[in-house]
> 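Sharing a structure here in structure tokens format.
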Amino acid sequence: MAYAEQGEVIAEFVDTTKRFGKVLAADRLNLRIGKGEFLSFLGPSGCGKTTALRMLAGFEAPTEGRILIDGQDIGAEPAHRRPVNMVFQHYALFPHMTVAENVGYGLRQRRPKLAKDDIAARVARALDTVRLGDFGPRRIWEMSGGQQQRVALARAIVNEPKILLLDEPMAALDAKLRAEMQMELLSLQRKLGITFILVTHDQQEALSMSDRICIMGKSRIAQIGTPRELYDRPANRYVADFVGRANILPGTVTRNIGEHALVRLASNHDVVVEAPRPVNPGDKVDIAIRPEGLRLGASAEPGLPDITATVARMTFLGEHVEYLLRHPDLGELQVMVPRQAERALPGVDVGTQLHILWDQGNGLILGQD
Amino acid sequence: MRIYALSVYIFLYLPIGIIALFSFSAGRSASQMQGFSTQWYGKALSNPFVIDALKTSATVALVSAILASVFGTMAALALSGMKGRIRVLFDALIYIAVMIPGIVIGIATLIALVTVFDAVNPWLEAATGWRLSMGHGSLIAAHVLFTMSLVIIIVRARIEGMDRALIEASSDLGAGPLATFRQVTLPMLAPAIMAGFLLSFTFSFDDFIIAFFVAGSETTLPIYIFSSIRRGVTPEINAIGTMVMGASLMLLVIAQLTLRRGKAPGH
Ligand SMILES: Nc1ncnc2c1ncn2[C@@H]1O[C@H](COP(=O)(O)OP(=O)(O)O)[C@@H](O)[C@H]1O
Ligand SMILES: [Mg+2]
């Protein structure tokens with residue numbers, strides 16, 4: 001929320017809707033993007049991320065609603081007159097031009113014309129920025145996938161756009177290269193101070209890079225927030241499930257305690273959880289609790305509900321061991337146990353009965369989807 | 001199977017090979033090899049009728065190939081922007097145009113042109129004292145009609161294979177529609193257009209059937225060869241035939257290479 005409320009707004013979606021025939025690709029998007037912000041659109045394939053980006057770039061016109069850049073409604077502006085540039089998913093580099101010609105393409109379109117040596121100097125600087133200083137005369141097909149991506153990046157940033165749009169730019173790279181590029185992209189964004197809008201379906205990518213994430217679900221914005229906000233306070237079941245993992249349990253509110261609430265689970269245990277929205281006793285609610293928000297013990301602890309469950313599976317993940325437990329009323333529960341804590345549980349195996357320790361205040365009440 | 005294939009090739013290429021061989025004969029017989037010389041080539045190239053026919057053929061081929069490339073490319077671009085039934089209809093019509101025998105095109109064009117000329121000429125003559133007739137114009141029109149379809153098919157294939165994102169990238173980088181066409185679309189299509197041009201040129205240059213109907217009083221090289229044969233085949237005819245064949249083959253090879261070059265790595 002930080003950017004939209006404090007900083008300057010660079011772009012804004014106002015009830016922006018896009019239909020392709022009967023397909024609703026974007027449903028009343030409302031979003032403010034701050035100057036210098038790194039914002040990600042995160043969501044599964046087909047949820048309308050690309051459509052949102054393409055409307056900003058000018059390749060699709062909204063069916064309803066508006067899009068503002070710098071306070072101006074740019075609905076009628078064609079793509080070539082918008083102060084934004086895009087890094088395409090498959091780079092879309094011009095195969096009949098050299099690397100340098102590709103990078104200089106945007107500068108050559110400027111009117112009044114830029115001087116030749118001015119263009120050459122800017123191209124050289126952009127290529128240096130993406131660490132391709134010596135590759136200017138190369139042909140596109142002589143470049144590897146990772147290098148092509150850098151060319152695409154240089155071709156966009158050389159124009160000093162107000163917003164840089166990136167549509168799954170790392171999807172085609174292998175894991176190692178992807179991690180490298182993520183860090184490079186992030187430091188580039190900090191250096192240039194340009195607003196970056198990244199489309200991705202990779203939550204790790206979005207969480208590690210973004211100032212804010214806009215989670216999309218079925219053509220709508222499900223939640224907007226910083227990575228921490230989304231992780232700690234998912235607004236609904238969809239977000240809780242999509243960002244990280246969560247145990248989601250139904251229950252009934254029995255008492256309000258300030259910002260918290262006492263909720264009775266299906267197993268008749270009472271737990272104290274956060275209540276981000278006002279609730280009343282008797283309300284049926286869903287609770288989300290992260291696997292690392294629960295602990296396991298060989299015995300119950302005083303003051304905590306005594307939830308006994310059977311170990312169904314243990315998955316060794318290095319620093320952590322992921323336990324899957326089964327409870328007759330609550331169903332399956334995931335608990336993430338640090339290796340350190342696991343030492344206190346000797347001789348545990350599939351079939352062992354353990355106590356699930358739910359500390360007060362862990363977990364929260366979800367909103368409606 | 002091998003022998004069968006071999007005999008097909010022999011059947012196809014042996015006569016051509018023999019013509020080429022006999023064109024180097026030193027004797028006067030067109031069907032007998034008598035020593036080696038290049039005198040018939042010299043004779044052919046110093047024959048004013050041959051040179052005249054060659055000029056006509058080359059002019060017609062060049063102009064019709066240029067027109068076919070321009071119109072064919074424009075049509076291909078327009079078709080690629082179309083959708084649904086109209087597009088299917090036009091696609092079908094283009095393929096049909098290529099498959100229609102030359103003799104049908106020749107007769108049809110002749111009838112059409114004669115009808116138009118008859119209708120227009122009295123009026124035109126009264127106004128300008130000048131009248132339309134068969135000749136260069138009708139040859140070019142008929143050839144463009146046919147070869148444009150070839151260009152459309154070749155350029156269309158290239159457009160289909162082009163990444164649409166390139167056009168979007170260009171406009172994203174600030175190029176308007178015209179600038180995008182000039183800097184991205186046209187260079188990307190250039191090899192296909194060039195190949196279409198060369199094929200059109202070759203077709204027009206070699207064509208006898210259509211030309212026979214619509215040439216009027218003009219003599220193209222194939223028409224000249226045909227009319228000389230009626231007066232008896234000489235090694236001179238063999239030499240002309242060999243030169244035409246050599247030039248056509250070369251153009252076709254270049255067309256193939258351009259097309260393949262255009263699909264170079266990176267696609
Ligand atoms: N040009 C188009 N024509 C028709 N439907 C489209 C078009 N572009 C996208 N869609 C549809 O809109 C929805 C959202 O697509 P998209 O924005 O590409 O999703 P994402 O990028 O999240 O995978 C999908 O159902 C897709 O099929
Ligand atoms: Mg997409």
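In what follows, every chain begins at residue 1, and chains take the letters A, B, ... in the order their sequences are listed. The structure presented is a predicted model; accordingly, all values stated were derived computationally and were not measured.
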> Within the supplied structure, the quantity of interest is the number of heavy atoms (other residues, nucleotides, ligands) at a distance under 6.0 Å from Leu45(B) CG; does it exceed 12?
yes
> In terms of heavy-atom contacts, does CG of Leu12(B) have more than 12 from other residues, nucleotides or ligands at under 6.0 Å?
yes
> Take atom CD of Gln72(A) as the centre, draw a 6.0 Å sphere, and report whether it contains more than 12 heavy atoms from other residues, nucleotides or ligands.
no
> Tell me whether Ile86(B) at atom CD1 has more than 12 heavy atoms from other residues, nucleotides or ligands lying less than 6.0 Å away.
no
> Just so I know, are the side chains of Phe59(A) and Ser171(B) near enough to count as touching, which here means a heavy-atom distance under 4.5 Å?
yes
> Under a 4.5 Å heavy-atom cut-off, does chain B meet the side chain of Leu107(A), its backbone, both or neither?
neither
> Looking only at non-hydrogen atoms, find the nearest pair between Leu173(B) and Asn85(A) and report the distance.
CD2-ND2, 3.7 Å
> Is it the case that atom CZ in Arg111(A) sees more than 12 heavy atoms from other parts of the structure closer than 6.0 Å?
yes
> For the residue pair Gly174(B) and Gln109(A), what are the closest heavy atoms and their distance?
O-CB, 3.7 Å
> Give the minimum heavy-atom separation between His80(A) and Pro177(B), together with the two atoms involved.
CE1-CD, 3.9 Å
> Please report the shortest heavy-atom distance between Leu166(B) and Phe94(A), naming the atom on each side.
O-CE2, 3.4 Å
> Could you look at Arg54(A) and say if it's the side chain, the backbone, both or neither that has a heavy atom under 4.5 Å from chain B?
side chain
> Tyr105(A) and Ser170(B): which non-hydrogen atoms are nearest, and at how many Å?
OH-OG, 2.7 Å
> So does Phe90(B) have more than 12 non-hydrogen atoms from other groups sitting under 6.0 Å from CZ?
no
> Side chain from CB out, backbone as N, CA, C, O: work out which of these in Met143(A) comes under 4.5 Å of a heavy atom of chain B, or both, or neither.
neither
> Count the heavy atoms of every other residue, nucleotide or ligand shown that sit under 6.0 Å from OH of Tyr95(B), and state whether that count exceeds 12.
no
> Is there a donor-acceptor pair closer than 3.5 Å between any side-chain N or O of His96(A) and the backbone N or O of Gln183(B)?
yes
